[in-house]
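Below: one structure, written as structure tokens.
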Amino acid sequence: MDKRLNKTWESCVKCGICRSVCPVFKEEKSEPYVARGHITLLSELIKGNIGFKEHEAKDYLYKCLLCTTCVEACPNNSETDTIVEIARHEVIKHHGLPLYKKIMARVLKNRQMMDFAFKNAAMFSSFMFKKNSDTSRASLETKIKTPVMEKGRLIPKLSKKSFMQKYAEYSDSKATLALFPGCLINYTYTEIGDAFVSILKKLNITFNVPKKQLCCGAPVYFAGNFEDAAYLAKKNLDLFENLDIEFIAVMEPTCASMIKNDYVKLFMYLEDKEYEKKARDIAEKIIDPVKYLYDYTNIAESINNTNLKTTYHDPCHLKRAQNIKEEPRFFIKKASNFSEMKEADRCCGNGGTFSIDYRETSMKIASRKVRNIENSKADYLVTGCSACIMQLSEALHKHGDDHIKTIHTLELIEKALTV
Ligand code: SF4
Ligand code: SF4
């Protein structure tokens with residue numbers, strides 16, 4: 001492992017400030033579930049003082065949302081997320097991956113297999129799911145318990161045609177703006193991608209949708225599966241490197257953060273200098289779509305107030321990983337009657353597979369967010385991440401708040417646009 005990564009866990013002075021901000025610690029009230037505990041555990045594991053056999057050690061390292069709230073609060077810049085990611089890699093080196101994460105990695109590495117899996121899942125979804133039209137967005141509800149989902153869990157509806165299939169004609173475009181939808185927008189929330197395309201068309205901005213793009217690798221990287229993450233990262237970096245583009249608008253904040261920040265860390269860990277350099281070069285081109293509209297267009301002049309009553313939730317990978325918090329608020333305030341909720345930047349509790357592996361804790365964390373949304377008196381919860389939309393649509397439903405609609409910032413901008 002690259003020595004530059006050692007400093008990440010040498011910096012913790014055990015002050016305990018992270019205990020006051022960690023959403024998981026707030027629910028679990030147990031030291032191993034907080035940054036300081038994760039750091040101590042990893043140090044002991046690296047020194048060989050404890051092994052990976054203990055079920056608890058494995059559990060403690062996976063029961064973290066990687067929300068980076070502790071990293072933001074830490075006076076010593078301890079990078080708990082990096083430490084946890086490396087520790088998880090150590091865990092799977094010794095114990096391997098759970099079966100569903102192995103299958104997931106296989107599917108994510110092959111676009112044809114993914115298209116096939118989602119197309120068939122959409123066709124046969126009625127066997128396992130029923131439509132739930134009460135929620136703020138079209139959802140499917142599980143009819144039976146499966147190894148990864150309990151009965152009654154809500155997931156987004158699956159699109160008949162993926163975003164990339166819908167916009168396949170743009171794959172050969174010579175435009176200097178490339179679009180990277182991310183898997184959730186590509187296969188489920190395609191309407192969010194449609195909203196961005198509609199905005200770009202209204203502004204006469206040309207774009208391309210590179211057809212060879214693969215999953216960014218975040219779901220496998222966060223599981224500690226660095227080998228499959230590196231496979232996906234290399235494919236995407238080679239693709240982007242060969243395109244004559246100025247920007248890659250990455251619609252999912254988690255994918256953007258993965259490509260911008262985590263690819264570099266991954267190749268540092270693997271001591272792959274060639275791809276570390278490629279990752280650093282591409283990182284400069286990655287941009288969030290709302291940030292792109294804010295920095296490089298004059299769209300603000302064409303936004304009218306829709307008079308919707310809104311509040312905003314900061315996605316972790318947008319606010320903390322990309323430092324984007326004012327730009328969405330600027331547009332939302334222009335487009336609606338906005339009221340700031342309490343703890344707007346507190347994690348929603350999704351955390352990718354955290355919401356599958358630790359369902360009860362995940363929903364408890366979401367419940368606190370729901371109370372803050374209710375208290376804002378908004379009719380629309382705006383956010384910039386479709387994983388947060390999925391988590392909070394379900395949490396609002398479980399609390400009887402289906403009247404509060406979830407909407408992506410891009411959808412609100414599109415609604416308010418007068419051109
Ligand atoms: S991770 Fe940071 S905030 Fe937490 S105990 Fe260590 S130094 Fe303090
Ligand atoms: S990343 Fe989030 S969940 Fe994990 S220890 Fe830090 S604050 Fe807690």
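Heavy-atom basis, side chains included; hydrogens, waters and symmetry copies ignored. Order of appearance sets the numbers: ligands from 1, and atoms from 1 within every ligand.
- Residues Y296 and F247 bring their aromatic ring centres within 6.0 Å.
- The protein heavy atom nearest to atom 6 (Fe) of ligand 2 is C70 SG, 2.3 Å.
- When each atom of ligand 1 is checked for a heavy atom of K14 under 4.0 Å away, the hits are 5 (S), 6 (Fe).
- Short contacts between ligand 2 and H38, defined as distances under 4.0 Å to a heavy atom of the residue, involve ligand atoms 5 (S).
- Of the protein's non-hydrogen atoms, L65 N, 3.3 Å is the one closest to atom 3 (S) of ligand 2.
- The closest approach between G16 and ligand 1 falls below 4.0 Å for a heavy atom of the residue.
- The protein heavy atom nearest to atom 7 (S) of ligand 1 is V13 N, 3.4 Å.
- Side-chain polar atoms of T190 and S159 form a donor-acceptor pair below 3.5 angstrom.
- Using a 30° and 60° split on the angle between ring planes, F207 and Y167 fall in the perpendicular class, above 60°.
- Looking at S336 and T306, their side chains never bring a donor and an acceptor atom within 3.5 Å of each other.
- Not a single heavy atom of D81 sits closer than 4.0 Å to an atom of ligand 2.
- Residue K212 is tested with L239, N242, L243 for a side chain to side chain contact (heavy atoms under 4.5 Å, CB included); the sole match is L239.
- For an aromatic pair to be called close, the ring centres must be under 6.0 Å apart, and Y294 with F330 satisfies this.
- Here the heavy atom of the protein found nearest to atom 2 (Fe) of ligand 1 is C74 SG, 2.3 Å.
- Residue side and main chain included, C22 places an N/O/S atom under 2.8 Å of atom 8 (Fe) of ligand 2.
- With atom 1 (S) of ligand 1 as the reference point, the heavy atom nearest to it among V21, I39, V34, V71 is part of I39.
- Residue-ligand proximity, C67 to ligand 2, at heavy-atom distances under 4.0 Å covers atoms 1 (S), 2 (Fe), 3 (S), 7 (S).
- The contact set between ligand 1 and R36, taken as ligand atoms under 4.0 Å from a residue heavy atom, comprises 5 (S).
- Counted by atom type alone, E340 and S376 present zero donor-acceptor pairs between their side chains at under 3.5 Å.
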Report the C-alpha distance between N375 and N372 in whole Å, list the side-chain angles of each, state the deciding distance to 0.1 Å, and finish with yes or no for side-chain hydrogen bond (donor to acceptor under 3.5 Å, both in side chains).
-> CA-CA 5 Å; N375 290 337; N372 288 327; 4.7 Å; no
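- Atom 8 (Fe) of ligand 1 has its closest protein heavy atom at C15 SG, 2.4 Å.
- The nearest N, O or S atom of C12 is not closer to atom 4 (Fe) of ligand 1 than 2.8 Å.
- A salt bridge links E241 to K278: one of the charged nitrogens lies within less than 4.0 Å of a carboxylate oxygen.
- A salt bridge between D228 and K109 is present, with a side-chain N of the basic residue lying under 4.0 Å from a carboxylate O of the acidic one.
- Among protein heavy atoms, atom 4 (Fe) of ligand 1 sits closest to C18 SG, 2.4 Å.
- Atoms of ligand 2 lying under 4.0 Å from any heavy atom of V24, numbered from 1 in the order shown and given with element: 3 (S).
- Between Y269 and H89, the ring centre distance stays below 6.0 Å.
- Set against the non-hydrogen atoms of C64, the atoms of ligand 2 under 4.0 Å away are 1 (S), 3 (S), 4 (Fe), 5 (S).
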